[in-house]
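Below is one structure, written out as structure tokens, with a few remarks after it.
These numbers come from a predicted model, not from an experiment.
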Amino acid sequence: MSSMNWIQALADVEKSGQAWVIATVIGTQGSAPRESSSKMIITQEHSFDTIGGGQLEYAVCQKARTMLQEANRPSHVIEHFPLAAKGNQCCGGTVNVLLEYFAEPATKITIFGMGHVATTLVNVLGNMKAKVAWVDSRSNLAQDQQLQGLPSNVTPYLYSSMLDHVEQMSSNEIVLIMTHDHSLDYQLVEALLDRKDCRFIGLIGSQTKAMRFRKRLVSASFSTEEIDFVQCPVGLPDVAGKQPFEIAISIAAQLIQITQQAPKAAKKRSGLSWKQINASLQDAQQVVLE
């Protein structure tokens with residue numbers, strides 16, 4: 001059990017994107033270890049504050065963790081604990097405890113690459129109600145200063161190959177590909193399209209990069225609908241600028257738009273599609289020819 005009180009813990013677990021249960025003593029009869037309104041926070045691995053300790057608290061934590069494993073949406077239950085019988089405590093009274101379950105945020109974001117733009121972006125997303133996975137394969141980053149003091153909702157992952165993380169992702173994730181290697185970017189695009197369950201795939205890069213990737217994806221027999229699902233360049237087209245913070249703000253603004261839509265509507269992207277990029281490049285080439 002952590003020494004953090006339940007008020008501090010509540011802010012911490014909510015920001016970090018964990019699922020959690022708050023246990024509140026709502027009534028007592030006879031002798032009881034804590035008074036009504038006593039609270040504690042319980043996550044899958046930790047508990048914060050106390051409602052009395054002993055077998056009572058153990059039983060409450062067990063019930064809370066069952067809720068954490070089985071529930072998938074906010075819920076609540078009231079449990080009655082006769083301390084002498086059910087709680088095996090000598091107090092002799094009874095305690096009623098309200099257990100309220102809060103699911104982890106529905107929004108999950110995976111960012112591949114720990115470059116300058118991504119570093120700026122994760123600090124912006126630290127203010128967002130989302131669970132963020134930040135992935136790279138460069139072992140020297142493990143000791144890098146940029147991985148120190150990350151927002152509590154951001155978890156870094158280091159693999160020998162970033163492709164390994166694709167298999168660990170859950171369905172309906174927002175994914176951003178921002179690595180240091182164009183070849184790896186393409187491999188990630190293919191692997192993510194093969195999953196067929198991403199909510200959004202954004203790829204950082206130029207329109208020229210977008211066209212090259214599109215041609216390769218066509219050759220790899222992906223459908224037009226699948227190819228159009230990948231947005232490159234990622235970010236709002238109306239937010240101009242090439243500085244890392246400008247690109248990061250543009251991408252963050254787009255993610256806010258996506259999370260405000262229903263998941264099925266996420267394919268209706270606000271930026272340029274591959275088809276629009278192709279048309280604009282053809283127009284530009286025609287102007288040159290003329």
Side-chain angles (χ1 to χ4, degrees), residues 1-110 122-134 142 147-158 168 170 173 259:
M1 183 179 71
S2 170
S3 59
M4 188 183 300
N5 67 43
W6 73 267
I7 296 175
Q8 295 168 319
L10 177 59
D12 186 71
V13 298
E14 188 171 35
K15 187 177 180 181
S16 66
Q18 299 180 66
W20 49 279
V21 171
I22 183 167
T24 306
V25 177
I26 59 173
T28 65
Q29 290 183 335
S31 180
R34 291 292 302 275
E35 65 280 359
S36 292
S37 78
S38 298
K39 301 178 187 291
M40 67 183 297
I41 302 291
I42 303 147
T43 67
Q44 193 61 58
E45 297 181 352
H46 302 287
S47 62
F48 307 88
D49 220 322
T50 180
I51 57 170
Q55 288 299 311
L56 167 65
E57 196 161 291
Y58 175 79
V60 168
C61 288
Q62 290 294 100
K63 176 61 180 179
R65 289 185 174 123
T66 298
M67 295 174 71
L68 287 165
Q69 291 175 352
E70 297 178 355
N72 55 18
R73 57 188 173 84
S75 60
H76 68 275
V77 65
I78 295 175
E79 289 285 321
H80 178 67
F81 294 92
L83 297 180
K86 193 173 182 179
N88 194 28
Q89 292 184 218
C90 61
C91 300
T94 60
V95 177
N96 293 320
V97 179
L98 171 64
L99 294 159
E100 298 172 274
Y101 165 81
F102 295 86
E104 64 183 27
T107 300
K108 294 184 176 65
I109 302 170
T110 290
V122 294
N123 285 292
V124 176
L125 298 182
N127 298 289
M128 190 173 177
K129 195 170 184 180
K131 196 168 186 178
V132 182
W134 196 18
L147 296 186
Q148 311 304 315
L150 288 174
S152 57
N153 65 333
V154 178
T155 303
Y157 295 89
L158 292 172
Q168 309 304 318
S170 56
E173 287 203 26
T259 58

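Atoms CG and CD1, from Asn96 and Ile26 in turn, are 5.5 Å apart once rounded to the nearest 0.5 Å. Distance check, rounded to the nearest 0.5 Å: CD of Glu45 to CD of Gln18 gives 7.5 Å. Distance check: Thr28 OG1 to Glu35 CD gives 8.5 Å after rounding to the nearest 0.5 Å. Atoms CZ and CD, on Arg65 and Glu70 in that order, are 14.5 Å from each other to the nearest 0.5 Å. Taking NE2 of His46 as the start and OG1 of Thr43 as the end, the distance is 5.5 Å to the nearest 0.5 Å. Expressed to the nearest 0.5 Å, how far CG of Leu99 lies from CD1 of Ile22 amounts to 10.0 Å.
Side-chain atoms of Thr24 and Lys39 include a donor-acceptor pair closer than 3.5 Å. A donor and an acceptor atom, one from each side chain of Thr50 and Glu57, are located under 3.5 Å apart.
The shortest non-hydrogen separation linking Phe48 to Met4 is CB-O, 3.7 Å. Nearest heavy-atom pair across Pro151 and Gly126 is CB-CA, 3.5 Å. When all heavy atoms of Tyr101 and Met67 are compared, the pair lying nearest together is CB-CE, 3.6 Å. Listed here is the closest heavy atom pair of Ala23 and Ile51: O-CG2, 4.1 Å. Annotation for Asp12 and Ser152: closest pair O-OG, 4.3 Å, computed over non-hydrogen atoms. Smallest separation of non-hydrogen atoms from Trp134 and Val154: CB-CG1, 4.1 Å.
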- Please report the C-alpha distance between Lys129 and Thr259 in whole Å, then the side-chain angles of each, then the deciding distance to 0.1 Å, and finally whether the side-chain contact (heavy atoms from CB on, under 4.5 Å) criterion is met. CA-CA 10 Å; Lys129 195 170 184 180; Thr259 58; over 6 Å; no
- Query: Stepwise, does the side-chain contact (heavy atoms from CB on, under 4.5 Å) test hold for Val97 with Ile78?
  - Reply: CA-CA 6 Å; Val97 179; Ile78 295 175; over 6 Å; no
- Using the side-chain contact (heavy atoms from CB on, under 4.5 Å) rule, take His76 and Leu98 through it: C-alpha gap first, then chi angles, then the decisive distance, then the call. CA-CA 7 Å; His76 68 275; Leu98 171 64; 4.1 Å; yes
- Message: Please evaluate residues Ile42 and Val60 with respect to the criterion side-chain contact (heavy atoms from CB on, under 4.5 Å), reporting the C-alpha separation (whole Å), side-chain torsions for both, the decisive distance (0.1 Å), and the verdict.
- Response: CA-CA 9 Å; Ile42 303 147; Val60 168; 4.0 Å; yes
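Annotation: ring-ring contact (aromatic ring centres under 6.0 Å, His included) contacts involving residues 7-43, sequence neighbours excluded, comprise Trp20-Phe102.
Cys61 places a side-chain heavy atom less than 4.5 Å from the side chain of Met40. Side chains of Lys63 and Val77 form a contact here, defined as non-hydrogen atoms less than 4.5 Å apart. Looking at heavy atoms from C-beta onward, Ile41 lies out of side-chain contact with Ser47 at the 4.5 angstrom threshold.
Here Ser37 pairs with nothing under the side-chain hydrogen bond (donor to acceptor under 3.5 Å, both in side chains) rule; sequence neighbours left out. With sequence neighbours excluded, the residues that form a salt bridge (Lys or Arg N to Asp or Glu O under 4.0 Å) with Lys131 are Glu104.
A donor-acceptor distance shorter than 3.5 angstrom exists from the side chain of Asp49 to the backbone of Trp6, with no hydrogens or angles considered.
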